[in-house]
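Just below is one structure, and these are the notes that go with it.
It should be emphasised that the depicted structure is a prediction, and the values quoted were computed from it without experimental measurement.
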Protein chains: 2
Amino acid sequence: MKTKYQVIADEIRSKILSNEFVVGKVIPPELQLQKDYGVSRHTVREAIALLVNEGFLRKEKGSGTYVDDSYQRRGDGVSSSKTIGVITTYLSDYIFPSIIRGIEQKLRENGYSLLLASTNNDVDQERACLEQMLSQGVSGLIVEPTKSNQYNPNLAYYLSFKERGIPVVMINAYYEELSVPFICVNDTKAGYLATKHLFEQGHQHLALITKIDDLQGKYRMKGFIKAHEEMRTNFDPKNVYTYTTETKAQVFETLREKLAREQEVTGIVCYNDEVAQGLIQALAAMGKRVPEDYSVIGNDDSFLSTAGSVKLTTLSHPKEELGEAAAEWIMLAVQQEMTGNKIFEPELIIRDSVKRITN
Amino acid sequence: MKTKYQVIADEIRSKILSNEFVVGKVIPPELQLQKDYGVSRHTVREAIALLVNEGFLRKEKGSGTYVDDSYQRRGDGVSSSKTIGVITTYLSDYIFPSIIRGIEQKLRENGYSLLLASTNNDVDQERACLEQMLSQGVSGLIVEPTKSNQYNPNLAYYLSFKERGIPVVMINAYYEELSVPFICVNDTKAGYLATKHLFEQGHQHLALITKIDDLQGKYRMKGFIKAHEEMRTNFDPKNVYTYTTETKAQVFETLREKLAREQEVTGIVCYNDEVAQGLIQALAAMGKRVPEDYSVIGNDDSFLSTAGSVKLTTLSHPKEELGEAAAEWIMLAVQQEMTGNKIFEPELIIRDSVKRITN
DNA sequence: TTCAATTTGTTCGTATGTATC
DNA sequence: GGATACATACGAACAAATTGA
């Protein structure tokens, strides 16, 4: 269990790293902190002593306790000169290993080191990762945002990087509230191409399964809608099934019931290959086959698209290439050479999960 | 005027420097010093805290306060940096993402950072990685050895870590020339269990495909041989097919010719699931089916074992758990608490790629 | 310049928790 | 298990430096 003074020290450290306590300014006096945290002055002093030792604070008798930044230029962390931080949601799943591989490869070729952390798509863990990167003094940061379509409580940390002149680039998605450069796939187009392909194969009533806690899901839905508009077709909002990281496990249960009632639907656009393969299994459990009974289309061209019993029609994703692009971007940015956003265009990859329908 | 605790600290420091308090020995406990100097315990603790900070003393809870000599090598690598280097052969392939995930998870939970690099199983790249880790000043290193069964030209670097007091632990394999602690799977047993299972299912003539540039392949072969000895059966050395990282691509070509000539062989033990799935595809191209024509057994229980058309009978691998164990080991080692090697025992996982033969 | 308020520094006392031998 | 030794936490008092009225 953490001791009181450690907890208080952690909180103060967080406030420093998120720029709530600004470098060079005083923090509240001991008496105030004592009241704030409901502890004795001794305990507050222990916490402060810890942070002074770490180089986050500096005390001046009679005046106050000031925020210091000497922790950055101590031989403590890694030699910050050529270290790039990488924060992703997941490490071992899906296409993430490929992206990380692309980043690592490129960085090491150029003599940079890679400091890695993952958030498991949880904002509290994201905060911990950001604090880690700030204390380690990385010279650049590549981030895949956590829950990019929800309000993010860690924006202060990102601003903190900006104020310290540490470049940040986002991959796969970005926080719309924040003007941070990004390297993404054109997800609207991906959703559009998937939907259009099903229309072209003669499907008239489509469903969509999409994730709505991240921006990719939102944009893929946007493409789904755009294709409908272009076809001058209306779609039934009931046929849009949404889920989040937390409800992922239950999505197929609710879907089975609903799909049984919607007899018209013949084509289903999926958020990604993982969902598409899950859907195919769920359909199989209902006695429905792909592509005979339903046409299904995935996204990301992951190993899952060719791993299951049905080879998925899907959309391409740059993976390694995206990782390499992010690495190159950040290395340029560290040398003060800023470049613009980069957007990869997805392409349709036709395999076996879509059937042509003729009326 | 000097404060009381400064005076006391000065006296204790003098006693250390004049060898009255000998390096490595305990100094009198707080209660005693309190009486000696006629002050409160708190004052004694202030004095001791000062000296601990200067590196003259080291406190051990429940035991005592010891004289330390770390003040002599200050500014050196003794710093409390909390960065662990991780070097693996591959990042995005096979079971490696899971292992890395296990390491990352555990390290971050405990406030450590992870510096990542990969060698692509190439010793030159391994050297670059090791140099990077040394210059970054990591406080511990987790390594999956590159070509562990071949002479390694980078042993000097590993010795360099040892000299600097930076703990190193190897995972999956180790360099036999080097006495470095390791966390591995019992690969001999894995090979043995696989072979034994085929015997038990009635197969009498077995082949082995194994990788011989790493130790795992060597040990898995050892298990293969051990099972034969136990069965008092001879095996034909012609039926042992070996490959290396560089010849991996061609292994199935040579195998197809040879297997066509060896009519007796009905069961094949594979180095891992990747090879097993490749074999199944190569056999399919010859018009042979698994398990009807050949029984095949994989290793590592990777996602590949259930991804293909045939679900593989294989052997378990701890993956995440191994990563976590490595992380825990290195964190203990950084705190000078050394523990021994750890060996995970594999278990047989029966799926569909082995057929029972009756004569 | 002085003075009072504020803030950190030093020192005492006491009680309880927890690791080690 | 019990004694020892360090760890955490509370409370109180006065000292010393700074700040701003």
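Atom NZ of B/K35 and atom C1' of D/dA5 are 13 Å apart (whole Å). What separates OH of B/Y37 from P of C/dT11 is a distance of 14 Å, to the nearest Å. As rounded to whole Å, 14 Å separates atom P of D/dC6 from atom CG of B/L51.
The pair A/R13-A/E54 meets the salt-bridge criterion, with a side-chain N (NZ, NE, NH1 or NH2) lying under 4.0 Å from an Asp/Glu carboxylate O.
A 4.5 Å side-chain heavy-atom check between B/I84 and B/L114 finds every atom pair outside the cut-off.
Ring geometry for A/Y158 against A/Y175 counts as tilted: the plane angle lies between 30° and 60°, on a 0 to 90° scale.
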- Message: How would you summarise protein contacts on nucleotides 7-17 of chain D per nucleotide, using B for base, S for sugar-phosphate only and - for none, with heavy-atom distances below 4.0 Å?
- Response: BBBBS-B--SB
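Comparing B/V44 and A/P28 along DNA chain C, the residue whose closest nucleotide (by nearest heavy atom) sits nearer the 5' end is A/P28. Looking at which nucleotide of DNA chain C each of A/G64 and B/Y66 is closest to, the 5′-most match is held by A/G64.
Each of B/T88, B/T89, B/T119 was scored for a side-chain hydrogen bond (donor to acceptor under 3.5 Å, both in side chains) with B/E144, with one residue passing: B/T89.
Each salt bridge (Lys or Arg N to Asp or Glu O under 4.0 Å) pair with one or both residues in residues 167-183 of chain B, not counting sequence neighbours, appears once here: B/E176-B/K218.
Distances shown here put a side-chain N or O of B/T65 below 4.0 Å from the OP1 or OP2 atom of D/dC6.
For A/T83 and B/Q136, the side-chain atoms include at least one donor-acceptor pair closer than 3.5 Å.
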